[in-house]
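In what follows, a structure is listed as structure tokens, so that the remarks can point back to it.
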Number of protein chains: 2
Amino acid sequence: MDLDTVRTFVAAADAGQFQGAAAELALTQQAVSKRIAALERSLGVRLFTRTARGAELTIDGQAFLPHARELLRVAERAAASVRTGRRPLRVDVIASRGAPSGLMRGFHRAHPEIELDVMMLFGIDTAVAAVRSGAIDASFRAVGMPGRPLPEDIESVRVLDEPLQLLTGPAHALASARSVTLAELAGHRIWMPGLVPGTEWAAYYDGLAAEFGLTIEATGPNFGSDALLDTVADTPALATFMGEQTRLVWPAGHGLRRIPVTGPTPVYPHSLLWHRDHPHPALATLRAHLGAAASGHDAAGTWTPGWVTAR
Amino acid sequence: MDLDTVRTFVAAADAGQFQGAAAELALTQQAVSKRIAALERSLGVRLFTRTARGAELTIDGQAFLPHARELLRVAERAAASVRTGRRPLRVDVIASRGAPSGLMRGFHRAHPEIELDVMMLFGIDTAVAAVRSGAIDASFRAVGMPGRPLPEDIESVRVLDEPLQLLTGPAHALASARSVTLAELAGHRIWMPGLVPGTEWAAYYDGLAAEFGLTIEATGPNFGSDALLDTVADTPALATFMGEQTRLVWPAGHGLRRIPVTGPTPVYPHSLLWHRDHPHPALATLRAHLGAAASGHDAAGTWTPGWVTAR
DNA sequence: CCCGGCCACAACCAACGGTTGTGGCCCTAG
DNA sequence: CTAGGGCCACAACCGTTGGTTGTGGCCGGG
């Protein structure tokens, strides 16, 4: 199926005749006729009944028409997604189920007119390079990591401090705790596959482990969150950290527990990064939205690494 | 933009290399290379970075990928909509804003897994012919109209009795009435453009007008519901009937009034029609849904034409 | 250092998709 | 009834597109 052919179909349906569609598309009537015939052959149904004064849709044609329009809309959006110049606001989030993803969903609900492309890059270095090059318009990351100062032309603002929770299976020693302190976690095995050295989130957990004497293991291949949850659910000695706002596809019957962490509560600092010089037109709207949505969290009783810039 | 090219792009992105995509699509590597190059040229951006052991997506490519997948999904649905054999359930409703449309929305919410094509045919004759031919799977219509018995192979069941309301502008004599009786409407001008002789809805209003001595005018071209509402809002002497469940795009500030009609309340009898012999697999689900959703309306105090089959 | 894997470029060729020319059908006006 | 106009389909023709095969360059691993 060819999109030009679909466009021709829609034009013919709107015009009610092939001739008119041909004029609109700067084609001959014969070309339109051939295109429609080809489309009908490929679909295996007749789309128009040809009459002496035009062509009108068959029932199959009527059924196909809205789908054809939708197809053209989607194609237009797809092309717009990579158009240089005015294109959808392209934002990098750290993971599809994480808190920044939720922030973007909220932004989309508040501003459905702003076209969005949400993507996931790998690590703050890639993200910063992409923001600097203009390939993306903004990124949610934790900034300030030692040895990786933000370039001068990148601006950032803290938009969300997300408390971490402990995730355990039902047989874990802490499974029935209402809450746990970081001190109580010393000696327990915390498993976080996917913690890649050199990334900002690895630096965060390294700092957390060092400061409170935790054992955080990043060993083993990262088979994705489903496999992680399965393993944690089945292994009494394993637990993992997870953002409070992380959306889980909670496997039914696994009995996974989310346990708040206190004394202090580790919070993951999400900042929005963007380029100082050539911001996307919709970026201001995003910043305003995030500023309004940011609840004034109290920093007391929480922990962030020393390298995180104060709010 | 060509859908085969988009398919090639997705295959290459999934495979991580052109060679693998070529094998999957039964093409040569060179053909894939040319297609991708053509797509990049038409979009004006580079989608892959070519490396010695494959090709990986650029950021633009990553942004484009989900749109490309969506495009293929929509194309698949479009093709399925006219596929002979297993295809989406195709249902004819009397108007896009009317009650049957609402019933189908409810059905879709209850059964999002069932693919639907909702369409609007013209009159019960067209609808019955389409159902008999298998071109559509079901139709919502008022059945029993004099001289138009349903063919033997068409079955029907009453699914909704929709009370009619009077719609008036703010300056209409009845505008401030809490409710009106049919007797009170005698002498008032009821305007219903679009009431085409020979259709089942024209027969309905003809019967209504005859039995209660109403003046129903079908004169003038039907410029659509917006124009109708505008005129009714501005003309003190005009009113119109409208189904209780009809969704209006209520023009702000027009002061249109919806007034219940009583003594008796005219109700429009929506029946579901389908073919006795070769029903669509999902039709049973639709009938079950409509049966469950149908509130047991009390027929007392309501009016339907004599030709309407009892429930 | 060489080999293997992968992609790009070039040359060639079939097939697709456009054009012009023409004929048939249907409706309308004279 | 007939002539004419409007519209679509078919046929012939032709340029361009998109496929193939053949080949060369680049990069990484043994």
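For the numbers below, each heavy atom of this structure counts, side chains included, while hydrogens, waters and symmetry mates do not.
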Problem - Expected output: side-chain B/T235 to main-chain B/V232 donor-acceptor under 3.5 Å - result: no

Exercise for the section: Taking only heavy atoms on the protein side, list every residue of residues 7-17 of chain B lying under 4.0 Å from any atom of DNA chain C, sorted numerically. Expected result: B/Q17

Exercise for the section: Would you kindly give the CZ-to-C1' distance between A/R41 and D/dC10, to the nearest whole Å? Expected result: 13 Å

Practice task
Over all heavy atoms of both residues, which pair between B/D117 and B/S81 is shortest? Give the atoms and the distance, please.
Solution key: OD2-CB, 3.2 Å

Exercise for the section: Starting at atom CD of B/Q19, determine the distance to atom C1' of D/dT20, rounded to an integer number of angstrom. Expected result: 15 Å

Write out a two-atom table: protein N or O, nucleotide N or O from nucleotides 18-28 of chain C, distance below 3.5 Å.
unit_1 : atom_1 : unit_2 : atom_2 : d
C/dG18 : OP1    : A/R35  : NE     : 2.9
C/dG18 : OP1    : A/R35  : NH2    : 2.4
C/dG18 : OP2    : A/R35  : NE     : 3.4
C/dG18 : N7     : A/K34  : NZ     : 3.0
C/dG18 : O6     : A/K34  : NZ     : 2.6
C/dT19 : OP2    : A/T28  : N      : 3.2
C/dT19 : OP2    : A/T28  : OG1    : 2.7
C/dG21 : O6     : A/Q30  : NE2    : 2.6

Practice task
Round to a whole Å and report the spacing from CZ of A/F18 to P of D/dC10.
Solution key: 11 Å

Fill in the blank from the handout: Contact check, residues 58-65 of chain B vs DNA chain D, heavy-atom distance under 4.0 Å, returns none

Can I get a per-line list of side-chain donor-acceptor pairs under 3.5 Å for residues 27-37 of chain B, giving both atom names and the distance, sequence neighbours left out?
unit_1 : atom_1 : unit_2 : atom_2 : d
B/T28  : OG1    : B/A31  : N      : 3.2
B/R35  : NH1    : B/T8   : OG1    : 2.7

Handout entry: Residue-phosphate contact under 4.0 Å: B/S33 side-chain N/O, C/dA8 OP1/OP2
Key = yes

Practice task
Grab the CG-P distance between B/L25 and D/dT20 for me, whole Å please.
Solution key: 11 Å

Practice task
Say whether, by atom type as modelled, one donor and one acceptor occur between the side chain of A/D137 and the main chain of A/R90 under 3.5 angstrom.
Solution key: yes

Completion exercise
For residues 2-33 of chain A, the ring pair (Phe, Tyr, Trp, His ring centres under 6.0 Å) pairs (sequence neighbours left out) are A/F9-A/F48, A/F9-A/F64, A/F18-A/F48

Practice task
Would you kindly give the CZ-to-C1' distance between A/R50 and D/dG6, to the nearest whole Å?
Solution key: 17 Å

Problem - Neighbour count >12 (heavy atoms, 6.0 Å) for atom CZ, B/R53 - result: no

Completion exercise
From CD of B/E56 across to P of C/dC7 the rounded distance in Å is 12 Å

Exercise for the section: Could you tell me the separation between the CZ atom of B/F48 and the C1' atom of D/dC26, rounded to a whole number of Å? Expected result: 19 Å

Exercise for the section: Look only at the side chain of A/T58 and the backbone of A/L47, and say whether a donor-acceptor pair between them is shorter than 3.5 Å. Expected result: yes

Exercise for the section: Measure from the side-chain N and O atoms of A/S139 to the backbone N and O of A/R141, and report whether any donor-acceptor pair falls under 3.5 Å. Expected result: no

Handout entry: Donor-acceptor contact present, side-chain B/E200 to main-chain B/I124, <3.5 Å
Key = yes

Handout entry: Side-chain donor or acceptor of A/H280 paired with backbone N/O of A/R87 under 3.5 Å
Key = yes

Handout entry: All pairs passing side-chain hydrogen bond (donor to acceptor under 3.5 Å, both in side chains) where residues 43-52 of chain A contributes a residue, at least two apart
Key = A/E40-A/R50

Practice task
By nearest nucleotide on DNA chain D, pick out whichever of A/G20 and B/D2 is the more 5' one.
Solution key: A/G20

Handout entry: Rounded interatomic separation in angstrom, taking CG from B/L57 and P from C/dC7
Key = 13 Å

